[in-house]
Amino acid sequence: MPIFEFHCDKCGHDFEELVRSSHEKICCPECKGRKVRKQMSAVSFKSGGKYVSSSGPSCSSCGGGSCGTCH
């Protein structure tokens, strides 16, 4: 059961929702509007005061997509 990010076209509210089924109707928790769009999610984490993306290595010495050896 993945968590998705949505944007409500009616009131502009951005929110996350646990989606149990692809047939589930999602509505905005603020205005109860049903005209919502699924957003692209980007994952990042804070390491040593800097935000680091998990989408790829952050330096050339990282091997296999893991930065554990260079930080």
Side-chain angles (χ1 to χ4, degrees):
M1 291 185 288
I3 295 176
F4 291 104
E5 295 177 24
F6 292 92
H7 175 81
C8 178
D9 288 336
K10 184 177 177 183
C11 72
H13 182 65
D14 292 319
F15 61 97
E16 294 178 345
E17 188 73 32
L18 178 67
V19 179
R20 293 175 174 82
S21 165
S22 61
H23 303 292
E24 187 173 346
K25 300 288 185 192
I26 306 299
C27 67
C28 175
E30 292 290 316
C31 72
K32 306 299 183 215
R34 293 225 178 245
K35 194 170 184 181
V36 298
R37 290 180 283 136
K38 194 184 304 183
Q39 300 295 297
M40 177 71 73
S41 295
V43 178
S44 66
F45 60 94
K46 193 169 185 178
S47 173
K50 299 181 287 182
Y51 282 100
V52 180
S53 172
S54 64
S55 63
S58 63
C59 64
S60 60
S61 63
C62 292
S66 173
C67 290
T69 59
C70 66
H71 292 279

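Heavy atoms only: backbone and side chains are in, while hydrogens, waters and symmetry mates are out.
Legend: side-chain hydrogen bond (donor to acceptor under 3.5 Å, both in side chains) pairs involving residues 21-31, not counting sequence neighbours: none detected.
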Which donor-acceptor pairs under 3.5 Å do side chains of residues 6-16 form with protein atoms, sequence neighbours excluded?
unit_1: His7; atom_1: ND1; unit_2: Asp14; atom_2: OD1; d: 2.6
unit_1: Asp9; atom_1: OD1; unit_2: Arg37; atom_2: NE; d: 2.7
unit_1: Asp9; atom_1: OD1; unit_2: Arg37; atom_2: NH2; d: 2.9
unit_1: Asp9; atom_1: OD2; unit_2: Arg37; atom_2: NE; d: 3.3

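Here the closest heavy-atom approach between residue Leu18 and residue Ile3 is recorded as CD1-CG1, 3.9 Å.
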